[in-house]
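Keep in mind that this is a model prediction, so the values were computed, not measured. In the text below, chain A, chain B and the rest are named by the order of the sequence lines, each starting its count at 1. Below, each value reflects all heavy atoms present in this structure, side chains not excepted, and no hydrogens, waters or symmetry copies.
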Number of protein chains: 2
Amino acid sequence: MLAERLQKILFAVVQSYIQRPDPVGSRYVVKKYAFSFSPATVRNIMADLEEMGFLSQPHTSAGRVPTDRGYRLYVNHLLRKRRRAEERMLRLLRARLRNLQEDLEALLQGVARELSASSYLGVAAPARASRTTLNRIELFGYRGSRVAVVLISNEGLIRHRVIRLSRPVSPADLRRLSEYLNSRFGGWAIDEIRLRLVKEMSQEKAMCDMLISRALEICGKALELPEQGVFMAGMADFLGLPDFSSRIGEIARAIEDKHLVLRLLEELGTEAQEAGSAVLIGSENPVKEMRSLSIVAAPFRQEGRMAGTVGIIGPTRMDYQRAMTMVEATAQVITETLSGKES
Amino acid sequence: MLAERLQKILFAVVQSYIQRPDPVGSRYVVKKYAFSFSPATVRNIMADLEEMGFLSQPHTSAGRVPTDRGYRLYVNHLLRKRRRAEERMLRLLRARLRNLQEDLEALLQGVARELSASSYLGVAAPARASRTTLNRIELFGYRGSRVAVVLISNEGLIRHRVIRLSRPVSPADLRRLSEYLNSRFGGWAIDEIRLRLVKEMSQEKAMCDMLISRALEICGKALELPEQGVFMAGMADFLGLPDFSSRIGEIARAIEDKHLVLRLLEELGTEAQEAGSAVLIGSENPVKEMRSLSIVAAPFRQEGRMAGTVGIIGPTRMDYQRAMTMVEATAQVITETLSGKES
DNA sequence: TCTTAGCACTCTAAGGCAAAGAGTGCTAAA
DNA sequence: TTTAGCACTCTTTGCCTTAGAGTGCTAAGA
């Protein structure tokens with residue numbers, strides 16, 4: 001545990017730097033936070049903090065800037081004494097999201113937009129479709145040998161996909177197939193179903209029953225659902241941030257790969273389980289391209305299960321306080337919405 | 001018609017500037033294009049071109065830069081003597097897109113990515129769902145009073161939406177409803193169906209038959225499909241272009257509004273009908289925020305009907321030649337794919 | 001022993017200035 | 001009509017200086 005005075009100064013520097021991205025000097029903090037120390041004392045303390053690796057100097061006679069370790073200390077502190085996400089924000093969000101409850105994806109799109117009010121990047125993603133559980137699956141033949149698969153999960157996810165068969169299948173066969181799948185696999189996790197089907201396929205192949213093995217093939221294909229990736233909003237404000245002005249291309253590239261973002265969100269989401277939200281700061285990021293970004297994320301649940309993640313992506317000097325509150329409040333509202341205390 | 005010499009110089013300037021966004025001087029063009037004129041002559045010609053509004057000078061002693069009118073002349077010229085989109089590009093695209101044929105949206109996503117190889121922004125959009133024609137509609141009840149609507153259009157578009165009713169409806173009723181809609185409206189344009197339903201609703205209201213009017217209400221809601229907007233790819237390279245370095249925020253904001261982009265694409269697409277592709281250059285853009293961008297777009301068809309649009313968005317000094325070829329070739333390949341000369 | 005005032009020092013940012021370079025417009029000759 | 005030549009304009013670049021911000025160190029004060 002850091003001496004109180006050290007911590008106080010460190011947090012003052014972090015907060016100042018979050019507000020305006022200029023190196024912050026000793027005089028400045030003393031004035032701004034009305035400390036009882038003199039600038040000289042603060043300078044000594046800052047020198048100590050720098051030695052410990054929490055601050056750094058862009059050049060010898062400039063103010064100090066927090067390092068990622070500095071942010072980390074600050075964030076951990078927030079985590080510990082975090083006040084319950086303010087009621088006001090919760091109420092606001094509830095009101096704003098009320099008319100979006102229709103289906104999960106529309107909801108998440110809206111949520112991303114709400115989160116972008118942080119002036120950073122708002123993101124929201126449903127849990128991987130393959131981890132959800134089957135509520136219902138329907139197959140329709142269409143345009144010759146194509147089959148449209150529509151899957152509804154218990155989590156409110158709807159996904160569709162088109163598959164093409166070598167030969168047409170009769171509508172009656174398709175109907176029978178859907179019914180079979182529904183009655184047999186209703187409530188199963190998509191992953192399990194797929195696993196099971198693969199096993200059965202190999203058995204059937206041995207038996208060489210053409211009809212059944214064909215049916216299984218259709219089912220197997222049907223369950224390879226496209227992952228709907230991540231909803232993002234606020235790109236413009238985010239990229240317009242002064243922090244990035246020199247390396248827009250790099251930053252844009254980092255968040256353009258939705259797969260990466262999705263994976264990070266998921267990981268953070270599971271990590272946050274108990275704490276409410278989790279934060280990944282700059283160089284802590286396993287993805288090299290995102291080392292100059294921070295991510296705040298929180299999972300939302302449905303019927304106890306984790307159903308997806310929301311988050312805010314910003315520069316390392318982002319307003320963690322606010323971001324955490326927003327993200328947690330949002331997650332909570334989504335969880336409420338999904339728990340269906342609806343009309 | 002411009003004197004041949006004038007045109008030659010103008011095009012040389014345009015092409016140079018497309019390659020590198022620096023004002024181009026008289027000496028430079030003479031050297032680069034091995035003209036038989038001297039720099040002095042070129043200067044005279046350039047002065048003429050400037051007077052005519054095709055070139056401009058950033059400052060008195062700088063080289064010349066094309067104006068939007070200059071680009072327009074250049075593009076019209078390309079349009080006129082446009083060689084058939086090279087076979088090579090067509091073949092390449094066919095190969096690359098072969099395994100994406102599954103459904104329209106996956107295809108368009110891939111197409112956008114292909115187009116972003118231009119190092120500009122690749123965009124692709126299906127025609128408005130409301131303009132497509134109904135192949136099939138299905139309604140399932142789900143989680144209490146929710147109904148999932150799945151609609152398949154003849155154009156290969158699949159769209160789903162969730163609607164919530166004040167009271168649950170029995171599965172049997174829903175099934176009957178779907179069947180009714182399918183048998184009665186199969187092949188109709190979505191817009192027409194909606195129009196028709198509105199009319200009937202008002203009649204029924206007069207008759208006060210609760211059950212029927214309720215059914216009609218469901219149908220009406222069911223057909224208000226979300227528009228799937230635009231697929232984009234290549235954001236990072238696009239925003240990294242030196243042309244925008246100073247105004248990234250502005251540019252990002254301009255293309256963040258997918259509705260606007262969609263509308264522009266549609267308009268350009270219809271405009272291009274005969275010509276293969278259409279080009280909107282800088283200040284010609286009706287949308288103020290996009291006045292520093294150019295758009296090249298081409299429609300693709302299915303069974304004679306326009307089924308969507310693909311395009312490239314770039315800076316005004318974009319490589320129109322290449323963009324037009326790419327866009328046209330892409331549109332053609334999509335049209336081929338959709339016409340279903342498939343396995 | 002800890003804090004603070006004072007001061008010399010360092011480094012950047014901003015402004016001024018001159019020189020270099022690129023490109024022009026004009027004029028007069030071919 | 002074309003082009004060579006030349007004076008002129010304007011930006012870019014580098015260099016220098018100055019102002020300002022902030023530091024680290026030292027020595028005095030509590």
Self-check item: Set of residues satisfying side chain to side chain donor-acceptor pair (under 3.5 Å) with respect to A/Asn44, sequence neighbours excluded
Solution: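 So A/Asn44 forms no side chain to side chain donor-acceptor pair (under 3.5 Å) with any residue.
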Self-check item: Sequence-distant partners of A/Ser38, side chain to side chain donor-acceptor pair (under 3.5 Å), two or more places apart
Solution: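 Applying side chain to side chain donor-acceptor pair (under 3.5 Å) to A/Ser38 gives A/Thr41.
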Quiz item: With under 30° as parallel and over 60° as perpendicular, where do the rings of A/Phe35 and A/Phe37 fit, or are they tilted in between?
Solution: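 Aromatic pair A/Phe35/A/Phe37 classed tilted.
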Quiz item: B/Phe11 vs B/His77 aromatic rings, parallel, tilted or perpendicular, using cut-offs 30° and 60°?
Solution: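 Tilted: the ring planes of B/Phe11 and B/His77 meet at 30° to 60°.
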Practice problem: Walking along DNA chain C from 5' to 3', note the first and the last nucleotide with an atom under 4.0 Å from a heavy atom of chain A, and give both. | Solution: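 So the contact region on DNA chain C extends C/dT3 to C/dT12.
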Quiz item: Does a sphere of radius 6.0 Å around CZ in A/Arg72 hold more than 12 heavy atoms from other residues, nucleotides or ligands, not counting ones at 6.0 Å or beyond?
Solution: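 Yes, enclosed.
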Practice problem: With heavy atoms under 4.0 Å as the rule, sort B/Ala40 into base, sugar-phosphate or nothing. | Solution: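 Here B/Ala40 touches the bases of the nucleic acid.
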Quiz item: Nearest nucleotide by nearest heavy atom, which residue falls closer to the 5' end of DNA chain D, B/Thr41 or A/Pro39?
Solution: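 Checking each residue's closest nucleotide, the 5'-ward one belongs to B/Thr41.
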Quiz item: B/Ser36 or B/Thr60: which one's nearest nucleotide on DNA chain D is closer to the 5' end?
Solution: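 It is B/Ser36 whose nearest nucleotide is closer to the 5' end.
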Exercise. Sequence neighbours left out, what pairs pass ring-ring contact (aromatic ring centres under 6.0 Å, His included) with at least one residue falling in residues 309-329 of chain A?
Key: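 Every pair satisfying ring-ring contact (aromatic ring centres under 6.0 Å, His included) with a residue in residues 309-329 of chain A: A/Tyr71-A/Tyr320.
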Exercise. Report yes if a side-chain nitrogen or oxygen of B/Arg5 is closer than 4.0 Å to either non-bridging phosphate oxygen (OP1 or OP2) of D/dT2; otherwise report no.
Key: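 Answer is yes, contact under 4.0 Å.
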When the distance from [atom1] of [X] to [atom2] of [N] is rounded to whole Å, what number comes out?
{"X": "B/Phe37", "N": "D/dA4", "atom1": "CZ", "atom2": "C1'", "result": "17 Å"}
{"X": "B/Ile45", "N": "D/dT3", "atom1": "CD1", "atom2": "C1'", "result": "12 Å"}
{"X": "B/Asp48", "N": "D/dT1", "atom1": "CG", "atom2": "P", "result": "12 Å"}

Self-check item: Set of residues satisfying salt bridge (charged side-chain N to carboxylate O under 4.0 Å, His left out) with respect to A/Asp319, sequence neighbours excluded
Solution: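 A/Asp319: no salt bridge (charged side-chain N to carboxylate O under 4.0 Å, His left out) contacts found.
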Would you tabulate the pairs of protein nitrogen or oxygen atoms and nucleotide nitrogen or oxygen atoms of nucleotides 11-18 of chain D closer than 3.5 angstrom?
none

Quiz item: Counting N and O atoms only, with roles assigned by atom type, does the side chain of A/Arg291 sit under 3.5 Å from a partner on the main chain of A/Asn285, one being a donor and the other an acceptor?
Solution: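 Judged by distance alone, yes, a pair lies under 3.5 Å.
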